Amino acid sequence: MAMTFVACSLFLSLAFVELLFLSQSVCVEGKVNFLILLADDLGYGDLGCFGRQNVSTPHVDSLCKDGIKLNQFLTAASVCTPSRAGMLTGRLPRRFGMTANILPWRVMATTGQPTGFPDDETTVAEMLKEGGYATGMSGKWHLGISNKTHPWVHLPKQHGFDSFLGLPYTNMHGCKPYQIANESRRDCMVMANNTVVSQPTIYSNLTQALTDHAISFIREKASFGQPFFFLMSYVHVHTPLFTSPKFKNVSRGGQFGDNVEEFDDSVGQILAALEETGEASNTLVMLMSDNGPFKEEGWDKCGRTGGLSGGKGQTYEGGIRVPGIARWPGVISPSTIANQSISMLDVFPTFAHIANISLDPSVLLDGENVLDILVNPSSQQRTGKFLWHYCGRNVTAARNGKYKLHFATQIWTSDARPTPLCTECCPYGPTSFNGTGGSLCDCDPDDLTYHDPPLMFDMLNDPGEKNPLSPSNVPNFAQLVEETKDALQAHYASVSHHKDEMLALPIPQLAPCCGHDHYVSDEVCQCQIYEEGHEYP
């Protein structure tokens, strides 16, 4: 039975929302809060409730127990910048110029890049803010910083977040005590709103500082009775791996396991804050990762795909299927499982539906409202039949119901040695550190093998994509191929031209510098001034 929303009073935007579910009325006082726990490079098989044996994740596992485990949760892209852009908008990042075919441009390449998240896109934070929500964020942004004429124009504060503490860029090898020659402390900083407060980044207390910011935000908004949306965007488990002293050498999973267990501890602290403030029952919590594990960093430094093929940067399942969990006490039944495809693109329309916010019908969304699936997974299905998986600027794979079709697959260049750096991966790309990490499989035509007819797999029975189907075992094989190709052409026709936001050479002076309006030097651009609770411009 589908869930419907009915006003508890005539003033819906300010009053109660009543949920009718399976003939039982659940009245939620005020608006529902939203909390996203977004991991970085976490693999499908990296959490206890998704099968990991040698890493302890009791707090994340409690979310599985108390909510719904999303067995086919799919990201908006297989690398971080476009994936995060898609999650924030409900739109494939190809629609607004946030994709590219080759590294380093498949992600925002430096802090001095004069491009980034476009001003004409609406984020889930902006949408909810218009609906009366307080909005906050901790952690990794990686969607651009400044352009040539406007400083900070691409940062969270300018895209709907009232409060931000985190990395405007990403976690880099050069930010560690050991230095990589082609990277600089120019890219290593923490910002509070539009102010550099830590340069270079101090990792020993980073996760706790980001967690404390989230907890302070939740406590403050709960005390005011204001509905909130918070994006906890973890730096874990992106390389270089780091942990606070408390979590060094605690996991049976080695240094990577230490990272996962510190991530889990932070999740536990934030969930405890929801309980402490009385907001747990009124908060939809969703846990996910931006993409699959970064295999090219090496076996001991990356996550596990849980038997899925490929990894980060690829449109095989290992790059785009990640752990997904949703919890909403009293609405989502505990210990349930959804085997339907659910996309990161669905976050925006689902939150809008729950918050009763009308969306602009002229803006084409690629996600859909999946609340009915979260509430009643045994009988509900997606409305849309197709999901498109881009490698850079082109679709290389598609979902058609339970089937996945590969129009092209990336050419793996893994070692042939008995103990390779990684398998089903590309460790020797132009951005690699002599084959010791930093590279990904790219998306230019020379990097791909094309398939016509496309490779087809049954995602319910063969999630590892090991056994291609054919007309001999799928009677309607030709029909599935034809209708998917037709739908793909219709999709491409709906993608309007947009300014490219990725292919831009860096302007070093645009990089943020503590206490200055432009980057001066590594020696000058240093500070550690962050104070929790202080309001930063």
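These numbers were taken from a predicted model, which means no experiment stands behind them. Quick note: numbers below take in every heavy atom, side chains included, and nothing from hydrogens, waters or symmetry partners.
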task: Over 60° means perpendicular and under 30° means parallel, so classify the ring planes of Phe229 and Phe351, tilted if in between.
output: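 Correct class here is perpendicular.
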Only one of [options] passes side-chain contact (heavy atoms from CB on, under 4.5 Å) with [X]; say which it is.
X: Leu37; options: Val267, Leu231, Val60; answer: Val267
X: Arg327; options: Leu35, Ile68, Leu274; answer: Leu274
X: Phe407; options: Leu448, Thr315, Leu455, Leu488; answer: Leu488

Less than 3.5 Å apart, which donor and acceptor atoms pair up between the side chains of residues 130-142 and the rest of the protein, not counting sequence neighbours?
unit_1	atom_1	unit_2	atom_2	d
Tyr133	OH	Val32	O	2.5
Thr135	OG1	Gly160	O	2.5
Thr135	OG1	Asp162	N	3.0
Thr135	OG1	Asp162	OD2	3.4
Ser138	OG	Leu210	O	2.9
Ser138	OG	His213	ND1	2.8
Lys140	NZ	Asp40	OD2	2.7
Lys140	NZ	Thr170	OG1	2.9
Trp141	NE1	Gly144	O	3.2
Trp141	NE1	His154	O	2.8
His142	NE2	Met108	O	2.9

Do you know the tightest heavy-atom contact between [X] and [Y]?
X: Gly292; Y: Val322; value: N-CG1, 3.9 Å
X: Ala504; Y: Gln113; value: O-CG, 3.7 Å
X: Ala326; Y: Met286; value: CB-CG, 4.2 Å
X: Gln340; Y: Pro377; value: NE2-O, 2.6 Å
X: Met232; Y: Ala214; value: SD-CB, 3.9 Å
X: Gly43; Y: Pro293; value: CA-CD, 3.6 Å

Item to complete: Scan for salt bridge (charged side-chain N to carboxylate O under 4.0 Å, His left out) pairs involving residues 330-348, sequence neighbours excluded, and state none if there are none.
Response: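 Sorted pair list: Asp346-Arg382.
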- Using the side-chain contact (heavy atoms from CB on, under 4.5 Å) rule, take Ile354 and Leu371 through it: C-alpha gap first, then chi angles, then the decisive distance, then the call. CA-CA 8 Å; Ile354 294 171; Leu371 182 59; 3.8 Å; yes
Check against side-chain contact (heavy atoms from CB on, under 4.5 Å), Leu155 and Phe161: CA-CA 9 Å; Leu155 288 176; Phe161 290 95; over 6 Å; no
(Q) Quick one, Thr207 with Ser266, criterion side chain to side chain donor-acceptor pair (under 3.5 Å). Give me CA distance, side-chain angles, the key distance, then yes/no. (A) CA-CA 7 Å; Thr207 301; Ser266 169; over 6 Å; no
I'd like to know if the side chain of [X] and the backbone of [Y] have a donor-acceptor N/O pair within less than 3.5 Å.
X: Gln380; Y: Asp372; answer: no
X: Asp444; Y: Asn101; answer: no
X: His389; Y: Ala76; answer: no
X: Glu121; Y: Phe96; answer: no
X: Ser146; Y: Trp152; answer: yes
X: Asp442; Y: Leu103; answer: yes
X: Thr350; Y: Val370; answer: yes

Practice prompt. Go through the steps to decide whether Lys485 and Asp452 satisfy the test salt bridge (Lys or Arg N to Asp or Glu O under 4.0 Å), and finish with yes or no.
Written response: CA-CA 11 Å; Lys485 286 183 174 180; Asp452 192 10; 2.9 Å; yes
Any side-chain heavy-atom pair of [X] and [Y] under 4.5 Å:
X: Phe263; Y: Leu47; answer: yes
X: Leu143; Y: Met98; answer: yes
X: Leu359; Y: Phe348; answer: yes
X: Glu465; Y: His406; answer: yes
X: Met344; Y: Ile36; answer: no
X: Leu460; Y: Gln72; answer: yes
X: Asp290; Y: Thr75; answer: no
X: Leu284; Y: Ile332; answer: yes

| request: Decide yes or no on side chain to side chain donor-acceptor pair (under 3.5 Å) for Asn400 and Thr484, but give the supporting numbers first. | output: CA-CA 7 Å; Asn400 181 343; Thr484 305; 2.9 Å; yes
Worksheet entry | Side-chain ion pair, Asp500 and Arg393, N-O less than 4.0 Å |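 A salt bridge is present here (some side-chain N lies under 4.0 Å from a carboxylate O).
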**Prompt:** Salt bridge or not for Glu317 and Lys404, using N-O below 4.0 Å?
**Reply:**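 A salt bridge is present here (some side-chain N lies under 4.0 Å from a carboxylate O).
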Q: Kindly indicate, with the supporting measurements, whether the criterion salt bridge (Lys or Arg N to Asp or Glu O under 4.0 Å) is fulfilled by Lys221 and Glu279.
A: CA-CA 10 Å; Lys221 304 314 169 188; Glu279 296 293 338; over 6 Å; no
Q.
Could you go through Ser494 and Arg95, starting from their C-alpha distance and side-chain angles, then the distance that decides it, and tell me whether this counts as side chain to side chain donor-acceptor pair (under 3.5 Å)?
A. CA-CA 9 Å; Ser494 76; Arg95 295 191 184 279; 3.2 Å; yes
- Can you tell me if Arg84 and Ser233 form a side-chain donor-acceptor pair at under 3.5 Å?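 The criterion, which ignores hydrogens and geometry beyond distance, is satisfied for Ser233 and Arg84.
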>> Looking only at side-chain N and O atoms, does Thr99 offer a donor or acceptor that is under 3.5 Å from a partner on Tyr390?
In response: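 Side-chain D/A pair, Tyr390 to Thr99: absent.
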Supply the atom-to-atom distance [X] [atom1] to [Y] [atom2], rounded to the nearest 0.5 angstrom.
X: Asp212; Y: Glu532; atom1: CG; atom2: CD; answer: 6.0 Å
X: Thr305; Y: Lys312; atom1: OG1; atom2: NZ; answer: 15.0 Å
X: Leu503; Y: Thr115; atom1: CG; atom2: OG1; answer: 8.5 Å
X: Leu480; Y: Lys402; atom1: CG; atom2: NZ; answer: 10.0 Å
X: Phe294; Y: Asp41; atom1: CZ; atom2: CG; answer: 7.0 Å
X: Ile320; Y: Asn291; atom1: CD1; atom2: CG; answer: 11.0 Å

### Message
Apply side-chain contact (heavy atoms from CB on, under 4.5 Å) to residues Met288 and Ile325 and explain how you reach the verdict.
### Response
CA-CA 7 Å; Met288 62 192 74; Ile325 308 170; over 6 Å; no
Requested in this report: With sequence neighbours left out, write down each residue that passes disulfide (SG to SG under 2.5 Å) with Cys64, or none if nothing qualifies.
Outcome: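 Listed in chain order: Cys49.
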* **side-chain contact (heavy atoms from CB on, under 4.5 Å) evaluation trace for Leu165 with Tyr530** => CA-CA 10 Å; Leu165 176 70; Tyr530 178 67; 3.5 Å; yes
